[in-house]
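Naming convention: chains lettered A, B, ... in sequence-line order (proteins, then strands); numbering from 1 in each chain.
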Amino acid sequence: MEEQPLNDALGNWKRTHYCGDISSADIGNEVCLMGWVQRRRDHGGLIFIYLRDREGIAQLALDPDRDPEAHEKADKVRNEYVVAVKGTISPRPEGTVNPKMKTGEVEVEVSELRILNVSKTPPFMLDDHVDVAENIRLKHRYLDLRRPALQKNMILRHQVTKTVRNYLDEQGFLEIETPVLTKSTPEGARDYLVPSRVNGGNFFALPQSPQLFKQLLMVSGYDRYCQIVKCFRDEDLRADRQPEFTQIDCEMSFVDTNDVMTIMENMIARVFKETIGVEVTAPMARMTYAEAMDRFGVDNPDLRFDLELTELSSIVEGCGFKVFADAVKNGGMVKAINAKGCATFSRKDLDDLTEFVKIYGAKGLAWVKMTEEGWQSPIAKFFTPEELEKINQALDAQVGDLLMFVADSTSITNESLGRLRGHLGQKLGLAKKDDYQFVWITDFPLLEWDGEAKRHVAVHHPFTAPRDEDLALLDTDPGKACAKAYDLVLNGSEIGGGSIRIHDQSIQSKMFNLLGIGDEEAQEKFGFLLDALEYGAPPHGGLAFGLDRLVMILTGSDSIRDVIAFPKTQKATCLLSGAPGEVDDKQLQELSIRLRIRKKE
RNA sequence: GGGGCUGUAGUAGAGUCGGUUACAACGCCGGCCUGUCACGCCGGAGGUCGCGGGUUCGAGUCCCGUCAGCCCCGCCA
């Protein structure tokens with residue numbers, strides 16, 4: 001099917017303005033604009049065209065009496081055609097100014113129009129107000145990315161990285177690239193592997209982070225390193241998690257925890273100021289891990305609202321309600337939240353909340369509605385008046401409040417109630433999008449016990465230094481040692497984290513032993529780091545921010561996919577390119593690889 | 001590996017108790033319209049109801065399976 005070629009040559013036309021940049025200041029000037037047709041409104045005579053580029057939209061006016069030739073050409077124009085126009089900026093006639101538009105005071109009286117390229121009718125309207133299923137958007141991502149909302153996100157993302165680079169440069173950081181084809185490391189996430197053709201049977205791993213290399217750069221004396229870098233983890237996806245993601249990765253020498261936190265919080269404050277104009281006060285709040293778990297049940301508390309957790313173990317110990325008493329007796333705990341004024345929740349609401357805590361392993365959710373007559377609750381009968389009074393007092397329970405309790409192991413109680421707290425904050429509208437509450441979480445445990453593997457695993461990673469005062473604990477009670485680790489949490493989201501590293505080879509060896517990694521294995525996996533530590537490694541530490549999550553919050557996006565140009569689906573595929581895909585037998589042969597599953601027909 | 005939600009013209013939706021030819025909107029095509037701005041008016045085209053099987057005289061609708069997208073648990077140092 002042959003189409004009449006409609007395209008005009010660009011010729012020697014030079015664009016003078018972005019569409020979104022024309023204003024009253026340009027009135028009377030000759031301009032040349034180029035962009036995409038957002039919409040054409042044909043009034044029989046007069047034709048209006050919305051011309052769009054990345055900076056915004058300009059209204060073109062084509063009058064048949066003034067320029068019959070351009071008007072005739074405009075008749076052929078359709079949505080998403082690529083058009084260039086020359087014309088005069090003129091004020092819109094009295095009463096036709098559009099205050100909703102940035103360029104709404106003016107329009108372009110077109111004298112000449114060139115159709116640079118035609119377009120098929122796109123599969124969906126490129127308006128921000130049109131909802132389109134995400135799989136359709138991802139398949140035609142190049143069109144989706146043409147929508148103003150997504151362009152705004154990408155531009156803001158650029159502003160973030162630009163601000164970060166400027167700041168880090170001023171602070172003496174050097175951006176140094178590290179390998180993408182590197183070595184698989186145990187611990188941590190599943191690696192993405194790349195087969196080596198030259199070394200048949202061997203594999204590279206894509207980096208989960210440049211961790212070891214940035215430490216080596218400190219040993220090499222670069223003093224301050226940074227990199228905005230892709231990292232890869234072959235784990236399942238979430239709304240805020242992609243298998244390839246970007247970190248703002250930093251490391252510096254001759255510093256301790258407070259030095260790192262200070263430099264980094266100032267960077268974040270600057271980013272907020274320069275990208276969305278929000279003043280963030282530094283220094284930011286700090287809270288130990290222990291306090292966060294006690295008050296909020298999680299290590300990434302959302303501080304935009306209260307709803308804090310209260311532990312009632314000592315009150316309900318030995319009480320008549322077996323569920324509570326047993327939880328305490330078995331080494332667990334009982335905690336509660338007081339949702340002020342929520343006694344109006346329906347039975348269904350409460351059932352839903354119960355289902356919610358069950359996701360995190362809680363066996364149930366006990367609740368109490370505070371009424372004029374006291375407790376209205378299925379569990380009221382199990383408690384003595386004294387116990388009721390003590391619980392009311394501990395929770396500051398008033399008429400109209402809703403009390404919710406979980407009794408379980410310490411970890412399940414904390415996590416389920418902590419998540420319930422976050423859930424309620426959203427549900428009750430307490431978490432405002434334009435409220436930014438930062439908090440550093442510090443003094444994480446160094447190790448945690450993995451019951452399945454019957455060994456300690458690093459809470460942060462195996463190169464994290466213990467607190468100086470806890471060094472002796474490594475020999476006596478390693479589970480009690482705290483780490484020089486810190487996470488920056490914003491509105492319940494961990495946006496960055498890091499630690500001071502071990503620069504002493506003997507302590508590093510001790511860590512590996514505690515983690516059940518033998519000398520031989522350690523030498524094989526991390527030998528190069530252990531060796532490097534023996535050649536004058538300076539004290540050093542750093543951290544990495546998740547750029548995607550940060551931009552997600554700055555743009556108010558609900559999904560990480562809205563701030564990544566070409567994201568993957570939840571099954572880690574790319575609907576645009578079709579990746580991952582099969583490869584030729586010849587390619588496999590070169591890589592010394594034989595498949596154990598048959599290719600699809 | 002597991003739980004949940006969704007899938008109907010290009011797009012996003014409605015579709016009753018299983019019953020005639022699957023609706024109206026936006027978009028698209030044609031016509032009209034000289035100040036609109038999510039322009040308006042008239043007309044038209046456009047459907048493998050995700051896919052496969054089953055129940056039934058009859059399935060978009062009920063059942064089973066499967067695929068895809070999304071949210072979550074596990075996982076993510």
Review point. Going through the distances and angles, do A/Lys348 and A/Asp351 end up as a salt bridge (charged side-chain N to carboxylate O under 4.0 Å, His left out)?
Key: CA-CA 5 Å; A/Lys348 172 151 194 335; A/Asp351 286 346; over 6 Å; no

Check your understanding: If you look at every strand shown and take non-hydrogen atoms under 4.0 Å, does A/Val459 touch a base, only sugar-phosphate, or nothing?
Key -> sugar-phosphate

Check your understanding: How is A/Arg92 classified with respect to the nucleic acid when contacts are heavy atoms under 4.0 Å: base, sugar-phosphate, or nothing?
Key -> base

Point to revise | Check: A/Gly422 main-chain N/O paired with A/Asp302 side-chain donor or acceptor under 3.5 Å | key: no

Exercise for review: State plainly whether the residues A/Glu134 and A/Arg141 are in salt-bridge range, i.e. N to O under 4.0 Å.
Suggested key: no

Revision key, fill the gap. Quick note, A/His129 side chain, CB onward, closest among B/C70, B/A12, B/A38 is B/A38

Check your understanding: Any side-chain donor paired with an acceptor under 3.5 Å for A/Gln227 and A/Thr178?
Key -> yes

Review point. How would you label the contact of A/Ile136 with the nucleic acid (heavy atoms, under 4.0 Å): base, sugar-phosphate, or nothing?
Key: sugar-phosphate

Review point. Of the nucleotides B/G27, B/C76, B/A38, which has the atom closest to the A/Met125 side chain?
Key: B/G27

Check your understanding: Once the angle between the rings of A/Phe526 and A/Phe463 is folded into 0 to 90°, is it parallel (under 30°), tilted (30 to 60°) or perpendicular (over 60°)?
Key -> perpendicular

Check your understanding: A/Lys358 NZ to B/C73 C1': how many Å, rounded?
Key -> 15 Å

Point to revise | Closest listed nucleotide, where the reference is the side chain of A/Tyr360 and the choices are B/G69, B/C72, B/A38 | key: B/C72

**Study point:** Below 4.0 Å: OP1/OP2 of B/C76 and any side-chain N or O of A/Gln208
**Key:** no

Review point. Atom CG of A/Asp240 to atom P of B/C73: distance rounded to whole Å?
Key: 9 Å

Revision key, fill the gap. From the candidates B/A12, B/C70, B/G35, the one with an atom nearest any side-chain atom of A/Pro93 is B/G35

Practice item. Consider the side chain of A/Thr569, meaning its heavy atoms from C-beta on, and name the nucleotide among B/U36, B/C70, B/U34 that approaches it most closely. Key: B/C70

Exercise for review: Go ahead and name the base partner of B/U66; Watson-Crick or wobble counts if both distances stay under 3.5 Å, otherwise write none.
Suggested key: B/G50

Study note, to complete from the structure: Taken to the nearest 0.5 Å, the spacing of A/Leu143 CG from A/Leu150 CG works out to 11.5 Å

Practice item. Quick one: label A/Arg66 by what it contacts on the DNA or RNA (base, sugar-phosphate, nothing), any heavy atom closer than 4.0 Å. Key: nothing

Check your understanding: Can you tell me how far C1' of B/U11 sits from CG of A/Asp144, to the nearest Å?
Key -> 13 Å

Review point. When all nucleic acid strands are considered with a 4.0 Å heavy-atom cut-off, which category describes A/Glu107: base, sugar-phosphate, or nothing?
Key: base

Check your understanding: C1' atom, B/G7 versus B/A14: distance in rounded Å?
Key -> 15 Å

Check your understanding: Taking atom P of B/C37 as reference, at what distance in whole Å does atom CG of A/Leu46 sit?
Key -> 13 Å

Point to revise | Partner nucleotide, any strand, of B/G27 [Watson-Crick/G-U, under 3.5 Å] | key: none

**Study point:** Base of B/C75 paired with side chain of A/Arg241 (donor-acceptor, under 3.5 Å)
**Key:** yes

Exercise for review: May I have the distance from A/Asn135 (atom CG) to B/C70 (atom C1'), rounded to whole angstrom?
Suggested key: 9 Å

Exercise for review: Pick base, sugar-phosphate or nothing for A/Arg40, based on heavy-atom distances below 4.0 Å to the nucleic acid.
Suggested key: nothing

Practice item. When you get a sec, tell me which of B/C70, B/C72, B/C29 is the closest nucleotide to the side chain of A/Ala239? Key: B/C72

Check your understanding: Which nucleotide, B/C75, B/G69, B/U34, lies nearest any side-chain atom of A/Leu575?
Key -> B/G69

Review point. Quick one: the side chain of A/Arg238 and the base of B/G74, do they pair up donor-acceptor inside 3.5 Å?
Key: yes

**Study point:** Worked check of salt bridge (charged side-chain N to carboxylate O under 4.0 Å, His left out) between A/Asp504 and A/Lys510
**Key:** CA-CA 10 Å; A/Asp504 181 317; A/Lys510 191 174 280 182; over 6 Å; no

Review point. Base, sugar-phosphate, or nothing: which does A/Tyr50 touch, judged by heavy atoms less than 4.0 Å apart?
Key: base

Study note, to complete from the structure: RNA chain B nearest-nucleotide lookup for A/Glu134 and A/Gly104: closer to the 5′ end is A/Gly104

Exercise for review: Quick one: label A/Thr573 by what it contacts on the DNA or RNA (base, sugar-phosphate, nothing), any heavy atom closer than 4.0 Å.
Suggested key: sugar-phosphate

Exercise for review: Check whether the aromatic ring of A/Phe124 stacks on the base of B/U11, taking stacking as ring centres less than 5.5 Å apart and planes within 30° of each other.
Suggested key: no

**Study point:** Under 3.5 Å on both distances, the Watson-Crick or G-U partner of B/A45
**Key:** none

Check your understanding: Under 4.0 Å: is that the gap between some side-chain N or O of A/Arg137 and OP1 or OP2 of B/G69?
Key -> no

Study note, to complete from the structure: With the side chain defined as heavy atoms from C-beta on, A/Phe48 is closest, among B/C71, B/G35, B/G74, to B/G35

**Study point:** A/Thr96 side chain, from C-beta outward: closest of B/C37, B/C71, B/C29
**Key:** B/C37

Check your understanding: Going from OH on A/Tyr81 to CD on A/Gln38, what distance comes out if it is rounded to the nearest 0.5 angstrom?
Key -> 16.0 Å

Exercise for review: Classify the nucleic acid contact of A/Ser209 as base, sugar-phosphate or nothing, counting any heavy atom under 4.0 Å across all strands shown.
Suggested key: base

Check your understanding: What integer distance in Å separates A/Arg147:CZ from B/A12:C1'?
Key -> 12 Å

Practice item. Could you state the atom-to-atom distance from CG of A/Asp128 to P of B/A12 in whole Å? Key: 16 Å

Exercise for review: Rounded to the nearest angstrom, tell me the gap between atom NZ in A/Lys120 and atom P in B/C29.
Suggested key: 14 Å

Check your understanding: Given that both distances must come in under 3.5 Å, which nucleotide forms a Watson-Crick or G-U wobble pair with B/U16?
Key -> none

Exercise for review: For A/Asp127, answer base if it contacts any base atom (sugar-phosphate contacts may also be present), sugar-phosphate if it contacts only those atoms, and nothing otherwise; contact means non-hydrogen atoms under 4.0 Å.
Suggested key: nothing

Check your understanding: Counting side-chain heavy atoms from CB outward, which of B/G35, B/G69, B/C72 is closest to A/Ile359?
Key -> B/C72

